[in-house]
Amino acid sequence: MLLLEYLKTHARARYLSPLQPVTTPSEFPGRVTIGELSDSVLLNIFRYYLDVAPRLWPRLVHICRRWRHIVFASQRILHLRIFCTHGTPVLKTVRHWPVMPTIVQYGGTLELGAPAPEDEDNIMAALKRSDLVSSISLTVTSSLLEKLSSIERPFLGLEELVLLSQDGLRLTLPSAFRWGSRLRCLHSTKIAFPSLLQLLSSSTNLVDLQLHEIFDPWHLSPEALTKALFGMAQLRSLSLHFLSTAIYLSPPPSVEERIILPGLIRFNFRGVTKYLEDFVTRIDAPHLGAIEITFLDDPIFGVPKLSKFIDRMEMHKSLRRAHILSSERAISISLILPGAPTCIKLQLFSEPLSVQLSFMARICTHFSAFLLNVEDLRISATRPSRWMDSLHSGKWLELINSFTGAKWFHLDGNDSTSIVRALQLPERQRELALPALHKLYIAQPGPRYAPLRKAVVSFMTSRRLSGHPIAVEYERLRHISELRGTEPISQQITIETLSDDVLLNIFRYYLDASPRTWPTLMHTCQRWRHIVHTSPLGLSLLLYFTPGTPVLNTLGR
């Protein structure tokens, strides 16, 4: 077992031939060849190897007969799969392993290219083995869509399905394209299913459901969708995105029966407010931790029901940070618990700044229970200089006044001057903005931002005269604490202040990419030399003897 643990720590098995000796530490006197290891030990080594590189199992079966026997006798333990990707000779591969589960990967995401016409025969050869296909990630083209109608049997063993329409085309799959109850992940972008609701009703093991670019909300109404989601106790992530051109008319009021989604922790929605309002009134998700909403219309009338839906989760008690991001075309507000995935993000698209700020301020009035506990307020406002106007200061003040408990205020962007001026408008002097504010963090104004310096000084003076003085810190660089999501610190961190444990972890990542360059670290300083010398096993240090290496001199050290 000690030898096995050593091999786990130093995952060298993928580079060893059957007769190559394995160098062991001092606990193992002598030399042990890999051919002397038992089948169970080799099986564990193979498992670690294939966890990192699952596609490379054919290399193991071509080493020797013994390895080939171990691999094929342990197909389930090693999770062996046939990967059908670009350039894979599917027909030849299937003939060699006719009963092995298959994974089809030809696109499926924007980063991966669509299948070429010459790939379509390979795709169909793999998909026609429908009872053995466990995963499909596919970019559907118009020509491929015609061929999919030849599939007759359902994909009963399918666990993951990712479909993407090429070039944004709206495609509808043939009715024969079906799956069984084992499906756990469904991602669809601009792809329609003739009997989607019926298929979802039978997919009770779904964990991740993502339907994007839906162009017909009537066929996926809130009432029908909630009925299809009923019984999905394992569903953890739900994402619904509708096209901006989709039109939804709410049906007549009816008795709303709520369903409980006990496992749901992430909810993402993009569409019209009325659909969202009808949907959230029909579900309960007691463990929901991350919500992202993008409104494609006037969100005011649907926000009250949304706030009640979120309030049932009692998330507002832990949210401590708010980040408002305003750009040329959109504005968003994120309520965050630092160091945790809990987050509420609301976003709307609108080009006039005045409309952005008015809508967001009215939204915040419905989320006052969430904003009371916000202590860290951050605003990033960037827009073309021709759009910056001091007349928007009143709109900014209306929005900022929702955060009465904010103690720290971070401000960034070229619209910062308007925001600072908003905090000390003459007509609002009786009502103090941000009464709990202790400190303002703002980017260091350059020579061209003299108005910002003047506005900051005026703001500090007005706060001091009102009996609520604040401190101001100009941030030259982004602090490392902000990148980690912790509270801000007032000093820069240099590499000398890092502990030995932190440096050791940095060295490990560095040597994983360049294992031969560890002598460079030793010649930096005595402290680094000591860390490297005292951690040879943790850093997996090796001596590399190559042409031109002074072997005797190196061994003498």
Side-chain angles (χ1 to χ4, degrees), residues 54-55 57 75-76 78-86 88 90-91 93-94 97-109 112 114-115 119-141 144-166 171-212 214 220 225 228-240 263:
R55 301 188 182 193
W57 62 265
Q75 292 188 25
R76 291 189 177 182
L78 297 176
H79 302 288
L80 299 188
R81 300 288 187 271
I82 296 176
F83 288 84
C84 297
T85 58
H86 295 281
T88 302
V90 176
L91 294 176
T93 305
V94 169
W97 300 291
V99 296
M100 189 171 295
T102 304
I103 293 178
V104 181
Q105 290 184 339
Y106 284 88
T109 62
L112 301 177
D119 291 326
E120 293 181 0
D121 291 337
N122 279 339
I123 295 173
M124 294 307 302
L127 293 181
K128 286 185 177 180
R129 305 169 70 245
S130 56
D131 53 335
L132 295 175
V133 176
S134 63
S135 175
I136 299 175
S137 181
L138 187 62
T139 298
V140 183
T141 62
L144 181 60
L145 182 64
E146 298 177 0
K147 297 180 179 181
L148 290 178
S149 59
S150 63
I151 299 176
E152 300 177 353
R153 294 179 297 177
F155 298 91
L156 298 179
L158 192 63
E159 298 179 0
E160 181 182 21
L161 178 60
V162 180
L163 297 176
L164 172 67
S165 173
Q166 185 190 29
L171 302 178
T172 302
L173 292 181
S175 57
F177 196 98
R178 295 167 295 158
W179 58 82
S181 59
R182 297 181 60 181
L183 190 70
R184 296 180 59 81
C185 174
L186 173 59
H187 289 189
S188 172
T189 303
K190 275 199 174 180
I191 299 289
F193 300 86
S195 55
L196 176 60
L197 294 173
Q198 181 181 355
L199 291 171
L200 289 178
S201 299
S202 62
S203 306
T204 55
N205 291 318
L206 266 177
V207 175
D208 186 1
L209 176 58
Q210 177 178 301
L211 304 176
H212 284 186
I214 306 170
L220 199 68
L225 180 58
L229 296 179
F230 178 75
M232 293 188 184
Q234 301 181 51
L235 187 64
R236 296 177 60 84
S237 176
L238 176 61
S239 180
L240 302 173

side-chain contact (heavy atoms from CB on, under 4.5 Å) between M232 and L200, intermediate numbers included: CA-CA 9 Å; M232 293 188 184; L200 289 178; 4.3 Å; yes
Test side-chain contact (heavy atoms from CB on, under 4.5 Å) applied to N205 and L183, step by step: CA-CA 6 Å; N205 291 318; L183 190 70; over 6 Å; no
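Counting heavy atoms from C-beta on, the side chains of S237 and V207 never come closer than 4.5 Å. Residues L145 and P174 meet the side-chain proximity criterion, which asks for heavy atoms closer than 4.5 Å. In this structure the side chain of L211 reaches within 4.5 angstrom of the side chain of S188, judged on heavy atoms. The side-chain heavy atoms of L209 and L229, taken from C-beta on, include a pair separated by under 4.5 Å. In this structure the side chain of L240 never reaches within 4.5 angstrom of the side chain of H212, judged on heavy atoms. With a 4.5 Å cut-off on side-chain heavy atoms, C84 and T102 count as touching.
The distance from atom CZ of R153 to atom CG of D131, rounded to the nearest 0.5 Å, is 4.5 Å. With rounding to the nearest 0.5 angstrom, the CZ atom of R236 is 13.0 Å from the SG atom of C185. T141 contributes atom OG1, which lies 4.5 Å from atom CD of E120 (distance to the nearest 0.5 angstrom). Interatomic distance, CD of E152 versus CZ of R178, reported as 10.5 Å (0.5 Å rounding). The CZ atom of R81 lies 10.0 Å from the CG atom of L132; values are rounded to the nearest 0.5 Å. From T172, atom OG1 reaches atom CG of L196 across 11.5 Å, with rounding to the nearest 0.5 Å.
Evaluated for a side-chain contact (heavy atoms from CB on, under 4.5 Å) with F177, the options L161, I191, L199 yield exactly one hit, L161.
Here the closest heavy-atom approach between residue I151 and residue A176 is recorded as O-CB, 3.3 Å. Taking every heavy atom of both residues into account, T139 and L144 meet most closely at O-CD2, 4.2 Å. Pairing each heavy atom of G107 with each of S137, the nearest pair is O-OG, 2.8 Å. Of all heavy-atom pairs between V140 and L171, the closest is O-CD1, 3.5 Å.
With sequence neighbours excluded, the residues that form a salt bridge (charged side-chain N to carboxylate O under 4.0 Å, His left out) with E159 are R182. For D121, the salt bridge (charged side-chain N to carboxylate O under 4.0 Å, His left out) partners at least two apart in sequence or on another chain are K147.
Residue pairs that meet the ring-ring contact (aromatic ring centres under 6.0 Å, His included) test with at least one member in residues 183-206, sequence neighbours left out, are W179-F193.
Looking only at distances, no side-chain donor or acceptor of R184 sits under 3.5 Å from a matching main-chain atom of E160. Formation of a donor-acceptor pair under 3.5 Å by the S134 side chain with backbone atoms of L158 is not found in this model. In this structure, D119 contributes its side chain and H86 its backbone to no donor-acceptor pair below 3.5 Å. In this structure, the side chain of S203 does not engage the main chain of L206 through any donor-acceptor pair within 3.5 Å.
Shown here is F230, whose CZ atom has no more than 12 heavy atoms of other residues, nucleotides or ligands within 6.0 Å.
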